[in-house]
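Presented below is the structure to which this report refers.
The structure presented is a predicted model; accordingly, all values stated were derived computationally and were not measured.
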Amino acid sequence: MRTEKKIEKLFCLRNQESRLAKAVIAGALALLIIPVPAAFSGNTALTVSAASGEESGQAENGGKSSKEKVTLRIANWEEYIDEGDWDEEEAIELEDEENTVILGENSMVEDFEEWYRETYGIEVDVEYSTFGTNEDLYNQLTLGNDFDLVCPSEYMFMKLIAEDRLQPLSEEFFDEETEENYYIRGVSDYIRNIFDTNTINGEPWSRYAAGYMWGTTGIVYNPEEITKEEASHWAILADPKYRGQVTIKDNVRDSYFAALGILNEDELLDPESLRSPDRLERIAEVMNRTDEKTVAAAEDILKQMKENAYSFESDSGKADMVTGKVLANYQWSGDAVYTLDQAEIDDYYLAYAVPEECTNVWFDGWVMLKDGIDGDTAKQHAAEAFINFMSRPDNVVRNMYYIGYTSVIAGGDSDIIYAYADWCYGAEEDAEDTFEYPVGFFFSGDNSDPDYVITAESDQADRQLFAQYPPQDVLERAVVMQYFDKENNQRINQMWVNVRCFDLASLSWQDWAKIGAGAVILLAAVMIFLKRDDVFRKR
């Protein structure tokens, strides 16, 4: 199996050519600086339906219910769910306890509708839409687009919680005795703890949000040109040695985080801090500072990063790395995996590093909107069932294979997801240069658990496996960037405007000289034209 599946193991992704083309197009549009109305960005829709049945198993929250067909309106990121239509040779044959074979024949949405009807006897009609950014989604909600279930990133669902726009998950959703509750039965304890301990207005994320995918942020780099030590510090993004050869994220939160990493490098790497039992708490405090002095200092660093960068980007950085336009790219771990494997197809080997100062642990998660659910228990039951269906271990594998990101689901009693990780990254039987890579932190909560150790090829220490399942030392410096209140948001957003807008003060005397020379030439051309026109009139 391992030999036959060598190509799939390189990345475990589909539709690579089309995705690379989209990244190139996105980069071209970014360079053209063409504004796109938020209401139209990424708003494609797919509507499918299933056969009829009878209602059962509703969430009991005292609201409305209906025995009619349920219509469920879902919005998710583009290309962030298995769309099916796999070729038979793409079937994944796992070495789990059941020797499971994974094959996505239909879309996940179609399979959910059929499963829901067969499981609960209710017909559900899913209206499935996509969005391109968190801001696109928020703008759609502001403009009145109605959704029942959406999948934003953690800072956006924190914002929606703070604005009291989300419907709490039902008590039944958290019942671990219910077989169909695949989310609560299978979510990694590491992830569950983060959702339980992070709060907004005194309420934990877990009351409103169920995780979908997660990861870290770091640096994708060319190891032939950049050392691992250089790539393991945020400072590389502002290093003049690599002027015009790095890309940074075109959003304020990710870029601000990197700037804070540079600004506070000495404090974060202080030996006393590194040995401190409350190191994570210290990092979280440092990386969530928003006072005026910190924001002003971060602005200066971001301007240096802007001057040093090849580009600010949201999606084109992957293509820029694969084509060799740049040597380093600030990236989310899921996109890092994609980038590494796209390059590997052409025998071009890249690596991924997580800065030694700290990293941002991020999440995308499912949340229900109050305006959409509107007290309808049947609709809420269908929405929660969709989360659970997406969390069923075989479906988790389908989605991870299709999109390349890492699910928050470890599998609970099922070993399917661990078997998939081993299928992707376990070394060939005849491989000589291997090492033992523990992933117990994610699957059992114990990184010394001998049942969750992948024997991988040595290069995976800095590549795909490292990006998808970070080792213990990375988790010890991985913190959540919190949602900022209105005052702090205004301060940081104004800082970002200052960074992204044209700054006359940043021009050198050479730049001014060029502008002056151009103005003189333009003025001379105008004078010649006017003189010529005056001569013609006299004739």
Test ring pair (Phe, Tyr, Trp, His ring centres under 6.0 Å) applied to Tyr183 - qualifying residues, sequence neighbours left out: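 Tyr183 satisfies ring pair (Phe, Tyr, Trp, His ring centres under 6.0 Å) with Phe173 only.
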May I ask you to check if Arg398 and Tyr420 form a cation-pi contact, with NZ or CZ under 6.0 angstrom from the six-membered ring centre and within 45° of the axis? no
Honestly, is Arg463 close enough over Tyr352, meaning NZ or CZ under 6.0 Å from the six-membered ring centre and within 45° of the axis? no
Distance in Å, [X] [atom1] paired with [Y] [atom2], rounded so as to fall on 0.5 Å steps:
| X | Y | atom1 | atom2 | result |
| --- | --- | --- | --- | --- |
| Lys306 | Asp250 | NZ | CG | 10.0 Å |
| Leu160 | Leu166 | CG | CG | 5.0 Å |
| Asn193 | Ser188 | CG | OG | 9.5 Å |
| Phe147 | Ile74 | CZ | CD1 | 10.5 Å |
| Met156 | Glu135 | CE | CD | 5.0 Å |
| Lys159 | Ile200 | NZ | CD1 | 11.0 Å |

Suppose we screen for salt bridge (Lys or Arg N to Asp or Glu O under 4.0 Å). Which residues come up paired with [X], at least two apart in sequence or across chains?
| X | value |
| --- | --- |
| Glu487 | Arg491 |
| Asp164 | Lys370 |
| Asp462 | Lys228 |
| Glu225 | none |

Let me see the working for Phe195 and Trp366 under ring pair (Phe, Tyr, Trp, His ring centres under 6.0 Å), right down to the final yes or no. CA-CA 12 Å; Phe195 274 62; Trp366 298 104; over 10 Å; no
salt_bridge(Glu267, Arg282) N-O dist < 4.0 Å: no
Below 4.0 angstrom, N of the basic side chain to O of the carboxylate: do Glu285 and Arg289 qualify?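 Looking at Glu285 and Arg289, the cut-off is met.
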Carefully, step by step, assess Tyr425 and Glu457 under the rule side-chain hydrogen bond (donor to acceptor under 3.5 Å, both in side chains). CA-CA 8 Å; Tyr425 302 118; Glu457 295 184 15; over 6 Å; no
Pair [X], [Y]: side-chain N/O donor-acceptor within cut-off below 3.5 Å:
| X | Y | value |
| --- | --- | --- |
| Asn329 | Gln331 | yes |
| Ser232 | Glu229 | no |
| Asp364 | Tyr80 | yes |

Determine yes or no for a side-chain-to-main-chain donor-acceptor pair under 3.5 angstrom, with [X] supplying the side chain and [Y] the backbone.
| X | Y | answer |
| --- | --- | --- |
| Ser255 | Lys249 | yes |
| Thr130 | Glu78 | no |
| Asn288 | Val480 | yes |
| Asn251 | Asp254 | yes |

Can you list the steps and then say if Met495 with Val499 is a side-chain contact (heavy atoms from CB on, under 4.5 Å)? CA-CA 6 Å; Met495 176 273 296; Val499 171; 4.0 Å; yes
What are the two closest heavy atoms between [X] and [Y], and how far apart are they?
| X | Y | result |
| --- | --- | --- |
| Glu83 | Glu79 | OE2-CA, 4.5 Å |
| Asp320 | Ser311 | OD2-OG, 4.3 Å |
| Ala353 | Tyr221 | CB-CE2, 3.7 Å |
| Ala343 | Val322 | N-CG2, 4.1 Å |
| Cys358 | Ile283 | CB-CG2, 3.6 Å |
| Phe257 | Thr359 | CZ-C, 3.5 Å |

Determine whether the aromatic ring centres of Tyr405 and Tyr338 lie less than 6.0 Å apart.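 Tyr405 vs Tyr338: aromatic centres not under 6.0 Å.
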Aromatic contact between Phe363 and Tyr212, with the criterion being ring centroids under 6.0 Å apart: yes or no?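 Centroid distance Phe363-Tyr212: not below 6.0 Å, so no.
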The test is side-chain contact (heavy atoms from CB on, under 4.5 Å); show your working for Asn198 and Gln482 and say whether it passes. CA-CA 9 Å; Asn198 279 272; Gln482 297 296 330; 2.8 Å; yes
Let me see the working for Lys318 and Glu313 under salt bridge (Lys or Arg N to Asp or Glu O under 4.0 Å), right down to the final yes or no. CA-CA 9 Å; Lys318 301 191 293 290; Glu313 59 84 26; over 6 Å; no
Walk me through it: do Gln464 and Gln460 pass the test side-chain hydrogen bond (donor to acceptor under 3.5 Å, both in side chains)? CA-CA 6 Å; Gln464 294 95 326; Gln460 284 296 327; 3.0 Å; yes
Please state whether the rings of Phe443 and Tyr469 are parallel, tilted or perpendicular, taking 30° and 60° as the class boundaries. tilted
Per the salt bridge (Lys or Arg N to Asp or Glu O under 4.0 Å) rule, what does the pair list look like for residues 347-362, sequence neighbours excluded? none
Flag side-chain contact, heavy atom, 4.5 Å: Glu265 against Trp234: no
Full working for ring pair (Phe, Tyr, Trp, His ring centres under 6.0 Å) between Phe441 and Tyr190: CA-CA 7 Å; Phe441 83 89; Tyr190 171 73; 5.8 Å; yes
Give the intermediate values and the outcome of side-chain hydrogen bond (donor to acceptor under 3.5 Å, both in side chains) for residues Asp136 and Gln140. CA-CA 6 Å; Asp136 288 344; Gln140 290 182 46; 6.0 Å; no
Going through the checks in order, is the side-chain hydrogen bond (donor to acceptor under 3.5 Å, both in side chains) test met by Asn139 and Thr142? CA-CA 5 Å; Asn139 287 338; Thr142 302; 5.0 Å; no
Pair Arg477-Val354, side-chain contact (heavy atoms from CB on, under 4.5 Å): steps then yes or no: CA-CA 10 Å; Arg477 59 182 189 271; Val354 174; 4.0 Å; yes
Test ring pair (Phe, Tyr, Trp, His ring centres under 6.0 Å) applied to Trp496 and Tyr256, step by step: CA-CA 9 Å; Trp496 187 241; Tyr256 183 64; 9.5 Å; no
Please walk me through it: do Met287 and Asn360 pass side-chain contact (heavy atoms from CB on, under 4.5 Å)? CA-CA 9 Å; Met287 300 306 292; Asn360 178 26; over 6 Å; no
Take Glu307 and Lys303 through the test salt bridge (Lys or Arg N to Asp or Glu O under 4.0 Å) and record every step on the way to the result. CA-CA 6 Å; Glu307 182 71 18; Lys303 287 178 178 177; over 6 Å; no
Test Met390 against every option in Asp82, Asn399, Ile409 by the side chain to side chain contact (heavy atoms under 4.5 Å, CB included) rule and name the one that passes. Asn399
